[in-house]
Each structure stands twice: as structure tokens, then as C-alpha cells.
Amino acid sequence: MPTSTSSEGSSPGGPPPGAGRPAVPRWALWVTGLAALDVPLAVVLTLVRAGGGGLAAPAGVPGALSGVLSPLFLLVVATEIVGLALVQGGGLPAYLRALVVAQAALVALTPTLVHGGAAGLALTVAGSGLVAAMLVVSLQYLHRNKQVARRDLAILSLWPLAALLTAMGWFLWGFEGSAWVLAGSVIVQLAFAAVATLGARPEPTRERVAWLLRPFSIFLFLLFAFLGEFFLGALLDYQIAGPTFLQYIPFVPHSGATLTGVGTALYDGLWFGAAIMASAWFLVLLGFTMGPLVAFKAYETRERPQKIRLGLTIAAFALAAIYVPSVASSTPLIQAKWLAAVPLIGWGFGLRSGGPFQSGIFLAIVLMYVLVGVLSVLFGRKAICSVMCGAALMYQGTGMTEMRGFNQSSRVGKYFLGSRLSTAYLVTSGVALVSLFAISALSLLRWVPPVQVANGALDVAALPLPVELYFGGVWFAMFVTTPFIGSYSCATTGFCHWGALSAPFAKVGFFRLKVKDKKVCQACTTFDCAKACPVGLVDMPLYFRTKGEYRSSKCCGVGDCVGACPYGNMYHQDVRFWLLRRFRRDDPRGNGIPGGGTPLPMVRSVAATPPAVPARPPIEAKAEGTPA
């Protein structure tokens with residue numbers, strides 16, 4: 001008689017042995033394997049350093065960190081990151097796989113590989129350029145993909161955090177010789193690569209979202225990216241200009257009570273930040289990040305005047321990054337005596353150090369204000385806000401252009417929509433102008449002997465700080481909070497005193513937006529012009545339908561609305577078109593208007609029905625044989 005078994009696993013119809021156990025995820029196997037390799041390797045390299053061996057022991061690194069920051073360990077980690085990207089990154093877009101590989105390159109460029117000097121500077125330059133290229137690729141990816149997978153958006157917003165820790169580690173290592181943050185950044189880079197690649201799913205199974213509806217993720221991306229470039233710019237300033245760079249910052253020695261020490265540290269930190277944000281190499285790094293995006297936009301646009309304006313925008317920023325810091329900061333890119341002889345006004349327009357009464361600068365300030373007024377009358381705010389100002393380069397690249405959608409979706413941006421000067425706009429503009437002129441007025445105290453404060457020390461050390469923070473810290477804070485307050489917030493909110501001062505001149509000048517035929521706008525249902533406006537002038541279609549033109553003191557003349565019109569019905573009118581209409585008598589068709597007033601297909605389609613063709617008389621039948 002056959003005996004029955006009590007084991008279910010041995011029954012013919014039962015599940016196979018071990019089927020009840022959960023399968024070990026592949027990511028767990030990868031993490032276990034990496035830990036099993038890296039931890040013993042770091043320990044061995046640390047012991048070799050502690051035992052006096054010469055194997056991969058970077059100079060200046062504490063013994064506890066010598067294993068993690070040894071060249072051999074760094075190369076192993078870089079190889080592991082590349083392996084993760086190639087083996088486990090199949091479910092990621094090519095863009096994200098490239099970011100992971102770039103992280104490996106950052107690990108391989110860790111400055112402990114060399115002993116400072118020219119080689120250390122070369123590693124810093126290469127790493128800074130790599131971070132800038134990664135940011136360009138990221139913003140271009142957002143430009144081309146309005147919807148991304150949730151996981152990809154999380155990776156996009158967090159990879160700059162790894163880059164930020166790397167930049168902080170490089171800065172602290174080069175500035176103070178501290179290696180703790182540097183060692184931590186290497187581990188974070190490896191952890192980021194593991195999180196980004198392990199568990200990635202194929203494209204069809206991923207849920208996609210519109211990144212414009214995820215403002216916090218974009219905010220984190222901009223914040224970490226800006227801070228990373230800040231520390232890299234500071235490191236470049238320090239390595240190129242040397243310790244003399246710090247001599248131009250009015251630091252206050254730390255002494256006294258704890259509360260006094262905290263205030264002193266805050267004051268010194270603010271001055272340090274303001275000095276870096278006005279330094280040459282920080283601006284150069286920003287230029288190499290945002291400049292290519294503006295060049296991409298110039299390549300994609302169809303309008304030749306727009307291509308020219310974008311080229312002038314890049315040239316203006318390059319001039320500001322070379323000329324202005326060469327005179328106004330301690331980190332010049334070029335040394336020329338004739339530059340020092342040219343009066344420099346800068347972003348503050350003379351609102352500091354005695355204002356326009358400063359010796360030798362009065363005439364230069366007057367000429368600067370006159371020049372701004374004349375340019376605003378001839379070309380509107382376009383000459384200032386879309387060409388000369390650094391904000392033009394920062395906001396007009398491909399990826400940043402897409403963020404104009406935050407003007408209508410953000411809670412703060414909604415208060416500044418349209419051409420009407422809202423209460424919020426007037427308050428912001430008034431506070432900015434009053435505070436700047438108040439600082440300039442206070443600086444006049446140094447000219448009055450009875451009320452001099454510490455022999456003018458207040459004016460030299462304290463009063464310029466708010467101006468520096470206004471044009472540096474506050475402006476960049478508004479830039480990184482674009483997802484919450486909208487794009488071009490310096491212009492839309494009235495914060496920029498350049499725009500506030502040029503707006504009245506632009507209101508009475510030649511510049512305005514015009515359409516070739518109002519009927520096209522009356523029949524249009526897309527409102528693409530309003531959607532493309534980077535400053536949120538959503539009411540322009542109404543004026544086009546009724547008046548055929550639009551003029552607003554808030555219009556910066558960016559020109560995206562012109563290119564967005566699907567019918568080519570819009571154009572900018574400034575002094576150039578006024579001259580064409582006045583002196584070109586041989587142009588009866590267009591009268592100086594682009595396109596010559598040719599009727600558009602949309603107008604022809606809605607035109608009056610043509611008269612009916614008269615019926616032809618019936619042909620009489622002729623008898624057979626009758627001559628024709």
C-alpha cells in the first residue's frame with residue numbers, strides 16, 4: 001500500500017521548493033555587492049596610509065578619510081557608477097544615463113588626485129565646465145519634454161544636490177583644507193547613481209506628469225544648481241586671484257559676546273556672498289550655463305531680428321562679465337590701465353558711496369541716465385530688459401523660456417498678470433525705489449563732518465552691502481523661486497529699478513506691438529501670443545482685436561509673442577519702422593510693415609463670399625447636317 005507524504009513541496013501538483021520565499025530584488029544584490037567591495041577597499045587603503053605606506057595617500061587628508069579620498073578608491077567608485085549606468089540604466093532616458101556618467105566624471109576629478117597648483121586649477125575648471133554642461137543638458141531636456149516620468153523628475157531635481165555637495169567639498173578643500181564634506185560627496189555621488197539606475201522601469205510603464213505642475217521639484221533643481229555654481233565660482237576666484245581676493249571684502253573680526261559673534265558672522269557671510277555673486281568667474285560660469293541655451297533659442301527661432309537680438313544679449317552679458325568685474329572687483333579677467341580710467345556705474349546706477357555727488361562720477365551718472373531714457377524712447381524697455389541687463393540671458397534660454405507658464409499657475413504670479421499696474425506691483429516698485437534712494441541719501445552723511453560715523457566707516461563697509469544684496473542676493477533669490485513667483489519676476493513685480501525708471505520713457509516712445517490685420521486677431525482662438533509672453537501680459541489679444549496695437553510699460557520687448565503667432569500677423573514697431581515709413585516712398589504695399597501687408601490665409605478664408613458666376617445660356621440643339 002503506497003504511503004502518503006506530508007510534505008506539500010514533494011507532491012506532484014504542489015509549488016516548487018522555495019516558492020513561498022520573496023525574491024531578492026536586483027537592487028539589493030547590487031547594493032550588497034558594492035558595499036562588499038568598497039568598504040573593505042576603503043579600510044585597506046586607510047590602514048596602508050596609517051601604516052606609513054605610500055600607496056594612494058593624498059597629502060593633507062586626515063588619516064580617517066585617506067581611504068575614501070585615495071585616487072585608487074575614487075577610480076573604483078567612478079568605474080562602479082559607469083557600470084551602473086550601462087548595466088542598470090536601460091530603463092532611463094539617454095539624458096539621465098548621461099547625467100549618471102557625468103557624475104562618475106565628477107568623482108574622477110576630485111581634487112585630491114593632485115597636489116594643487118596648476119593641476120588642481122585644471123581639475124576645478126574641468127569640473128566646473130562639466131557641471132555647467134550638465135545643467136545645459138537638463139534645461140534643454142525640460143524644453144523638449146513638457147511631460148516627464150515622475151521618477152525622472154525626482155532624479156532631475158535631486159542630481160544638482162549631489163553636484164552641490166561636490167562643489168562645497170571642493171571649495172572647503174581648496175579654501176580651508178577640510179576634507180569631510182569632500183569625502184561625503186563621493187559617497188553621495190555613488191548613492192545617487194544607485195538610486196537613479198536601480199529599479200528603473202521601461203518607458204511604457206512609467207507615468208508621466210507635466211513638470212510645470214510640479215513647481216517644488218523645479219525650485220529644488222534651480223536652488224541646488226545655483227548654489228553649486230556659487231561655490232564653484234568662489235573656488236575659481238580664490239584659486240585664480242589668490243588670497244588677495246579676500247582682502248577686498250570688508251570682513252569684521254570675530255570677537256566679543258556670543259550674540260555679537262553671531263551678528264558678525266552673519267555680516268561677514270552676507271558680504272562674502274555679495275562679493276562672490278559680483279565676481280568675474282561666477283558670472284563666467286553663469287554665462288557658460290545660460291549662454292548656450294540662448295544660442296539654442298536663436299537657432300530655433302525663425303525671425304531674423306530675434307536672432308540678432310539674442311546674439312546681442314549674449315554679447316552684452318559677456319561684456320558685463322569681463323569689463324565690469326575687471327574694474328569693480330578683485331577678480332579681473334584682464335588687466336588694462338585704460339579700463340580703470342573709464343567711469344563705471346554698474347548695476348547700482350550710482351546709488352551708493354555718495355551717490356551722484358561722488359567726485360569724478362557726476363557726469364558719467366547723468367550721461368547714463370540720459371542714455372537709458374533715450375534708448376527707452378527709441379526702442380522701449382527692450383534695449384534694457386531684453387539686451388543689456390543680465391536678466392535677459394538668465395531668463396531667455398530654451399529651458400527657462402518654458403517656465404513662463406509659472407506666471408499664470410503660481411499663486412504670486414497671478415497678482416502681476418496683465419498690463420495694469422496692480423497694487424502689488426506699485427508697492428513692490430515703491431519699496432525698491434525708496435529703499436535704494438534712502439541708502440544713497442544715507443551715504444551722504446560722510447560728506448557732513450558733524451554727523452560722520454566712525455570717519456566714514458559706515459559708508460565704506462555697511463551702506464554698500466544692501467545695494468550689493470539688492471542686485472545680487474535678492475535678485476538671485478527671485479530667480480531660483482521662479483516656480484513660485486513666475487518668470488522674469490524682476491520686471492513683472494516692479495522690483496527692478498532699471499525697469500521702473502525706464503517705463504515712463506517707454507510709455508511715450510516709439511515702441512509698441514502691432515498687428516498687420518485686426519481681422520486675423522478677431523478670428524483667432526489660440527491666444528498663442530499671450531501664452532508666449534514671459535512677463536504675463538495676457539490682455540494683449542484684446543487690444544489687438546480692438547486697436548490693432550498694444551503698448552504697456554511692463555512690456556520688455558522679448559519678442560516671443562511675435563514668433564508664437566501662428567499666422568505671422570505680429571511685429572515690433574520702434575524707431576526703425578517709423579523711419580522706414582517716413583523715408584521709404586517706394587514701398588506702397590507695406591509702408592515699412594514686415595510682410596508688406598499681404599492678406600493672410602485666415603483673412604481670405606473669412607472674407608466675403610465672392611459673387612456667384614452667372615449661369616451660361618443653354619445650348620440649342622442643332623439639326624443633323626446643319627453647318628456649325
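The chain is numbered in sequence order, starting from 1. What you see below is based on every heavy atom in this structure, not just the backbone, and it leaves out hydrogens, waters and symmetry mates.
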field: CD1-CH2 distance between Ile276 and Trp271, expressed to the nearest 0.5 angstrom
entry: 12.0 Å
field: Phe479-Phe226 aromatic ring centre distance below 6.0 Å
entry: no
task: Can you see which heavy atom on Ala392 is nearest to which on Cys385, and at what distance?
output: CB-O, 3.6 Å
message: Using only atom types and a distance under 3.5 Å, with no angle test, would you say the side chain of Lys146 pairs donor to acceptor with the backbone of Glu402?
response: no
- prompt: What are the two closest heavy atoms between Leu222 and Pro483, and how far apart are they?
  reply: CD1-CD, 4.0 Å
- request: Using distance alone, with no hydrogens and no angle criterion, decide if Gln396 and Thr313 have a side-chain donor and acceptor under 3.5 Å apart.
  value: no
statement: Value for CD (Glu303) from CG (Asp560), rounded to nearest 0.5 Å, stands at 9.0 Å
- prompt: Just wondering, do Leu227 and Leu223 contact through their side chains at under 4.5 Å, heavy atoms?
  reply: yes
- prompt: Would you call Gln239 and Trp281 a side-chain contact if the rule is heavy atoms closer than 4.5 Å?
  reply: no
field: Approximate separation, where rounding is to 0.5 Å, of Leu220 CG and Leu164 CG
entry: 11.5 Å
- request: Report the residues that fulfil side chain to side chain contact (heavy atoms under 4.5 Å, CB included) with Ser409, sequence neighbours left out, ordered by chain and then residue number.
  value: Phe406
- prompt: Are Leu293 and His143 side-chain neighbours, meaning at least one heavy-atom pair lies under 4.5 Å?
  reply: no
query: Between Thr482 and Tyr488, do the side chains contain an N or O donor and an N or O acceptor separated by less than 3.5 Å?
result: no
- request: Dump the intermediate steps for side-chain hydrogen bond (donor to acceptor under 3.5 Å, both in side chains) on Thr398 and Glu300, then the final yes or no.
  value: CA-CA 9 Å; Thr398 51; Glu300 294 177 0; 5.9 Å; no
message: Between Asn407 (side chain only) and Pro534 (backbone N and O only), is there a donor and an acceptor less than 3.5 Å apart?
response: yes
message: Strictly distance-based, threshold 3.5 Å: is any side-chain N or O of Trp211 a donor or acceptor partner for the main-chain N or O of Leu142?
response: yes
field: Candidate pair Val77 and Ile81, rule side-chain contact (heavy atoms from CB on, under 4.5 Å), full reasoning
entry: CA-CA 6 Å; Val77 170; Ile81 294 177; 4.1 Å; yes
message: Quick check: closest heavy atoms across Leu286 and Phe317, and the distance to 0.1 Å?
response: CB-CZ, 4.3 Å
query: Out of Leu74, Leu123, Thr166, which one pairs with Thr110 under the side-chain contact (heavy atoms from CB on, under 4.5 Å) rule?
result: Leu74
message: Do Trp475 and Cys490 make a side-chain contact, defined as non-hydrogen atoms from C-beta onward lying under 4.5 Å apart?
response: yes
message: Looking at every heavy atom in both Trp159 and Ser138, which two are closest together, and how far apart are they?
response: NE1-OG, 3.2 Å
message: I'd like to know if the side chain of Ser185 and the backbone of Leu182 have a donor-acceptor N/O pair within less than 3.5 Å.
response: yes
query: Judged by atom type as modelled, is there a donor-acceptor pair below 3.5 Å linking the side chain of Trp170 to the main-chain atoms of Ser128?
result: no
message: Donor-acceptor check, side chain of Arg151 to backbone of Ala196, threshold 3.5 angstrom: yes or no?
response: yes
- prompt: Does some side-chain heavy atom of Leu156 sit less than 4.5 Å from a side-chain heavy atom of Val148?
  reply: no
field: Backbone of Val387 reached by a side-chain donor or acceptor of Arg309 within 3.5 Å
entry: no
- prompt: Using the ring of each side chain (for Trp, its six-membered ring), is Phe219 parallel, tilted or perpendicular to Phe484, with breaks at 30° and 60°?
  reply: tilted
message: Working to the nearest 0.5 angstrom, can you tell me the gap between Leu99 CG and Tyr141 OH?
response: 10.0 Å
message: Within the structure provided, determine whether Arg214 and Leu153 are in side-chain contact (heavy-atom separation under 4.5 Å).
response: yes
task: Check for a donor-acceptor pair, side chain of Arg150 on one end and backbone N or O of Val209 on the other, with a separation under 3.5 Å.
output: no
- prompt: If we only count heavy atoms from C-beta on, is the Phe192 to Leu161 side-chain gap below 4.5 Å?
  reply: no
field: For the student: nearest non-hydrogen atoms of Leu212 and Met403, plus distance
entry: CD2-CA, 4.2 Å
- prompt: Between atom CD1 of Ile155 and atom OG of Ser217, what is the distance when rounded to the nearest 0.5 Å?
  reply: 12.0 Å
message: Minimum heavy-atom separation for Ala85 and Val101, please, with both atom names.
response: CB-CG2, 3.9 Å
Chi angles and distances behind the side-chain contact (heavy atoms from CB on, under 4.5 Å) call for Ser386, Cys556: CA-CA 6 Å; Ser386 296; Cys556 295; 4.0 Å; yes
query: Who are the ring pair (Phe, Tyr, Trp, His ring centres under 6.0 Å) partners of Phe175, not counting sequence neighbours?
result: Phe171, Tyr238
message: Using 0.5 Å steps for rounding, measure from the CE atom of Met478 to the CD1 atom of Ile485.
response: 4.5 Å
